[in-house]
Amino acid sequence: MTQELPPRFDAQEIEKKWQEVWEREQIDRASDDPADGRPRYYCLAMFPYPSGNLHMGHVRNYCLGDAVARYKRMQGFNVLHPMGWDAFGLPAENAAIKNQLPPAEWTYGNIDQMRVQLKRLGLSYDWSREIATCRPEYYRWEQWLFTKLMEKGLAYQAEAEVNWCGPCHTVLANEQVVDGVCWRCDTPVERKSLKQWFIRITDYAEELLNDLDALKGWPEKVVGMQRNWIGRSTGAEVFFPIEGDTEGNNPTLDIFTTRPDTLMGVTYMAVAAGHPLAQKAAENHPELAAFIEECAHVSTKEADMATMEKKGMPLGINAIHPITGEKVPVWVANFVLMGYGTGAVMSVPAHDERDHEFARKYGLPIKQVIAPKEGEADVDTAAFTEPGVLVNSGDFDGLASEDAKQAVTRALSGAGKGEKRIQYRLRDWLVSRQRYWGAPIPVIHCDDCGAVPVPEDQLPVVLPEDLQPTGGASPLATHESFVHADCPKCGKQARRETDTFDTFMESSWYMARYTSPRNDETMLHREPVKRWMPVDQYIGGVEHAVLHLLYARFYHKLMRDEGLFTDEEGGSEPFTNLLTQGMVLKDGAKMSKSKGNTVDPNEIIATYGADTARLFTLFAAPPDKDLEWHEAGVEGAHRFLHRVWRLLGKVVAAVPEGGGDDAAVIDLRRTIHTTIQRVTHAFDHGFAFNVAIAALMELSNALQAFAPASPKGVEALREGMQALIAMLVPFVPHFASECHEKMVLKGLAVTAAWPQVDESALVSDEVELVVQVNGKKRGSISVPADADQDAALAQARNSGSIARWLEDVEVVKVILVPGRLLNLVVRPQ
RNA sequence: GCCGAAGUGGCGGAAUUGGUAGACGCGCCAGACUCAAAAUCUGGUUCCCGCAAGGGAGUGCCGGUUCGACUCCGGCCUUCGGUACCA
């Protein structure tokens, strides 16, 4: 029985049809049945912020994830492939101000809208596990964990220097300060000292750094970025007494240095504007106070500081060199950062470029203590920053830098004047925000008891969802019924904390929550965590390399240390493999509203269908590279589907004509099975879907070119078509499903087994050998697969176009690469 | 400065990891179908010489290893991304 296919397929119609079938059959559900014997696979794409509109970056991200999930299902895995919403955050407040709509309403509306768009793409999510982080059922556990961290001292409140924007009435992250001004209102940002909540990520610096080595499935780039971000450096902390403080009442001036070998070359000290010594010295020194004030108004964004002119003033006090006992003047300098190390440095102008520049500007002495191993260095002209041999350093003279570092450190610690020290660039995670649309920090401030964590039985601290932000102070801060609370300890009237969490808190643990998303007893159930975690494949943008991806690693370890799971159960790391997809570009620039170069996925889907959109995004570039959007390329992808559709018509109607196509059948079957091999390899190694799809196009071309002459030929043609359809499922599931049905194949395409390679189809009796003479291609010969050197050489000599290169020469060496080539090394006779 | 990635036709990009460079697609050219156009199909398409057969050159640059190098080694150049007065 053959059926006539319509000349074109209707993408809109078949996509709607198959999406309904999949939903009815629940083919996307992950099974938590312990009796389910299938191996498990957790595939996760970074969940979106519900802005209301899907953009091409989302499409790319989720099509990649869906291809992986669908492939794994066909390979027989029980796949967890969930979706949710990173629903708290600033855009909702901005939209609320603009539209006079409470953020909650706006957010929930957007979620509904985006869910429809995602479903329209035919993405195989287990929607029964959907979560939205703005729901109290979700954030209550984050609040709970925070109270546990408070009890352990891992969460704390402290005064800190932060970026403050007056008009916006909030703290800003460093990323939100662009060229010293607020990204939203262009007001110069102030540095302000505020009491903020922190989580002690620095306690985990060592583990976070060391465990990077185990992340073999992560791009080196991301691992490197995290390594730099954590920024471990080893050196010494040195204590410089302050002159005139003979009783030792005052604290010493403590500095951190990675170059203790240069200690004898110190000619001055430099402290940050915020350093207590500077602050104290400024008290009765108006000029100094003015300078410090000036420093405070400069952005803390470090990239800006790099280009800043170096400025400083003497404090009028001296430190005492811990070894020589000499007086060393103390300066305040704008290049010293309060937030790194101790906020103070020893300055060695002879061997540090920065110190050198500063010393030259203010006429401070330059003392050489390191000499190059060979030759000399003119330290008056430029700093000599290489390691070398110590000079002018008393007992340490003659030591090499590396040895001197240890010797000096030992000498200092022996005398109680310093110690070995490991310093991290990483700072504690500031998690409080003076914003409304976020998870409330579960703390009650009592005049007597201080900051008291909200007891477990009073959680969640629910965020009132009907408030209207105005752009100034958070409406939470003045919302009486929210603020009023009794102290959980003493019962006295107290105030509720009105800051909310950084939204990175929610996204740090959602991957674990998907394993038991409706759990209302605990943060995580142990069994499902054990079943699914860690995530086998995580996919998302590289922009989260040191933010989300670092916080999530940290949070995972926090949950582990809270006893929610062990390393054995949940993995020591949350993400085994990471794929960072490239950006989607148009006209060479990242698509963005402000550039006006966006392409609306909805329009592409309406014009070509979801399958074409999926196919193009996966075919146009390797997943980790940027993708340039080309409408002509989209049309090309669409054309390919129609070519396959016509091919399908041919296959369905195929009847043998004539006879005797054994050799052609063997060739075709070899093409079919090498294609299966290539596509399978792409899925198992690096997800080069652009190459996999190219291979499928080749197969399609081969099938199109094949004219079956015998029943065997028809059979081979159908075999090839069936394999092609099955391998198209991860990329264009609706289209492949329709083809599967038209072929009258059993079951659903999306639950069919991934095609197997028939090894016997790969072997061939005859192989083509490329013949090279002295490494240059001179022709090719067809030889039996098991031909040896002599047989191949004899054959080559018989081949006219090759033989003439072998006249009047002596073959001195023969290299045969079986099945590939024959290289003849010759020299004139 | 440091870390990372990359440099291959007009374009996006392939090359089973040392074995036919340019798969596949886009674009372009020619042809078929059509009154015509669109759509579709067929063929061609790295550059140079040549009517052709054929030959030569060729994967950022310079050298090296090898029978053989886009691939490995040494030295540069360029572009992109990240990051930095980190003491």
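Everything numeric here is computed off the predicted structure, so don't read it as measured data.
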query: Want to settle it: does A:R354 or A:N690 sit nearer the 5' end of RNA chain B, counting the closest nucleotide to each?
result: A:N690
message: Does B:U17 count as syn, meaning its glycosidic angle lies within 90° of 0, or as anti?
response: syn
- request: Could you tell me whether A:K405 and A:E402 have a side-chain N and a carboxylate O separated by less than 4.0 Å?
  value: yes
field: Contact check, side chains of A:F504 and A:H544, non-hydrogen atoms, under 4.5 Å
entry: yes
- request: Determine the contact category for A:G341: base if any of its heavy atoms lies under 4.0 Å from a base atom, sugar-phosphate if only primed atoms, P, OP1 or OP2 are that close, otherwise nothing.
  value: nothing
query: What is the pairing partner of B:G31, taking Watson-Crick or G-U wobble pairs with both distances under 3.5 Å in any strand?
result: B:C41
task: Please state whether the phosphate of B:C26, meaning OP1 or OP2, lies under 4.0 angstrom from any side-chain nitrogen or oxygen of A:W629.
output: no
- prompt: With a non-hydrogen cut-off below 4.0 angstrom, is A:F619 in contact with a base, only sugar-phosphate, or nothing?
  reply: base
- prompt: Taking the side chain of A:N228 as its heavy atoms from C-beta onward, which of B:C67, B:A6, B:C3 lies nearest to it?
  reply: B:C3
query: If you look at every strand shown and take non-hydrogen atoms under 4.0 Å, does A:R778 touch a base, only sugar-phosphate, or nothing?
result: sugar-phosphate
Under 3.5 Å: donor-acceptor pair, side chain of A:H673, backbone of A:L762: no
- prompt: How close or far is atom C1' of B:C11 from atom CG of A:D587, stated in whole angstroms?
  reply: 14 Å
Closest to the A:K776 side chain, choosing from B:A84, B:A57, B:A14: B:A57
message: So, OP1 or OP2 of B:C86: does either fall under 4.0 Å of a side-chain N or O from A:T258?
response: no
Euclidean distance for C1', B:A87 against B:G75 (whole angstrom): 33 Å
field: Minimum-distance nucleotide to A:N701 side chain [options: B:A5, B:A87, B:G25]
entry: B:G25
message: Once you apply a heavy-atom cut-off of 4.0 Å, does A:P219 come out as touching a base, just sugar-phosphate, or nothing?
response: nothing
field: A:S401 side chain to A:D261 side chain, donor-acceptor N/O pair below 3.5 angstrom
entry: yes
- request: Take atom P in B:U65 and the same atom in B:G55, then report the distance between them in whole Å.
  value: 28 Å
message: Once you apply a heavy-atom cut-off of 4.0 Å, does A:V770 come out as touching a base, just sugar-phosphate, or nothing?
response: base
field: Residue A:E220, side-chain atoms from C-beta onward, closest of B:C26, B:A5, B:C3
entry: B:A5
message: Can you tell me if A:R643 touches the phosphate of B:G25, counting only side-chain N or O atoms and a distance under 4.0 Å to OP1 or OP2?
response: yes
- request: Mark yes or no: A:R425 above the aromatic ring of A:W229, with NZ or CZ under 6.0 Å from the six-membered ring centre and no more than 45 degrees from the axis.
  value: yes
- request: Go through B:G55, B:C85, B:A14 for me and flag the one nearest to the A:R804 side chain.
  value: B:G55
- prompt: Which value, in whole Å, describes the distance between the C1' atoms of nucleotides B:G43 and B:A37?
  reply: 22 Å
- prompt: Is the closest side-chain heavy-atom distance between A:F616 and A:R60 below 4.5 Å?
  reply: no
task: Could you give the distance separating B:G12 and B:A23 at their P atoms, to the nearest angstrom?
output: 15 Å
- request: Consider the side chain of A:A632, meaning its heavy atoms from C-beta on, and name the nucleotide among B:A15, B:C24, B:G27 that approaches it most closely.
  value: B:G27
- prompt: Quick one: do the A:S782 and A:E766 side chains pair a donor with an acceptor below 3.5 Å?
  reply: yes
statement: Separation of B:G12 atom P from A:F640 atom CZ, nearest Å, is 22 Å
Nearest to side-chain heavy atoms of A:N823, which nucleotide of B:C67, B:A87, B:C86: B:C67
task: On RNA chain B, check which nucleotide each of A:I693 and A:D352 is closest to and give me the residue with the more 5' one.
output: A:I693
field: Spacing between A:H638 atom NE2 and B:G25 atom P, to the nearest angstrom
entry: 17 Å
query: Between B:A5 and B:G9, how far is it from one C1' atom to the other, in whole Å?
result: 23 Å
query: Within this structure, what is the CE-to-C1' distance between A:M583 and B:C80, rounded to whole angstrom?
result: 9 Å
task: Determine the contact category for A:R639: base if any of its heavy atoms lies under 4.0 Å from a base atom, sugar-phosphate if only primed atoms, P, OP1 or OP2 are that close, otherwise nothing.
output: sugar-phosphate
Nearest-angstrom distance, P atom, B:A57 to B:C3: 39 Å
message: In whole Å, measure the gap between the P atoms of B:A21 and B:U46 for me.
response: 14 Å
task: Quick one: label A:A621 by what it contacts on the DNA or RNA (base, sugar-phosphate, nothing), any heavy atom closer than 4.0 Å.
output: nothing
message: Mind checking if A:R678 touches a base, just sugar-phosphate, or nothing, with heavy atoms under 4.0 Å?
response: nothing
query: Can you check the A:W229 CH2 to B:G81 P distance for me, whole Å?
result: 18 Å
field: Distance, C1' atom - from B:G13 to B:C24, rounded to whole angstrom
entry: 9 Å
- prompt: When we call it a touch if two heavy atoms are under 4.0 Å apart, what does A:R827 touch: a base, just sugar-phosphate, or nothing?
  reply: nothing
message: Tell me the interatomic distance from A:E353, atom CD, to B:C2, atom C1', rounded to whole angstroms.
response: 12 Å
- line: A:I781 atom CD1 is separated from B:G19 atom C1', nearest whole Å, by 15 Å
task: Between B:C24, B:C41, B:A21, spot the one nearest the side chain of A:Q772, thanks.
output: B:A21
- prompt: Among B:C67, B:A39, B:A87, which nucleotide sits nearest the side chain of A:V825?
  reply: B:C67
- prompt: Among A:V732, A:L615, A:V679, which residue meets the side-chain contact (heavy atoms from CB on, under 4.5 Å) test with A:I693?
  reply: A:L615
message: Looking at A:K813, I'd like to know whether one of its side-chain N or O atoms comes within less than 4.0 Å of OP1 or OP2 on B:C67.
response: yes
Student check: side-chain heavy atoms of A:W629 and A:M56 closer than 4.5 Å: yes
query: What nucleotide among B:C86, B:G19, B:C24 has an atom nearest to a side-chain atom of A:M697?
result: B:C24
task: Specify the separation, in whole Å, of atom NE2 of A:H642 and atom C1' of B:G25.
output: 17 Å
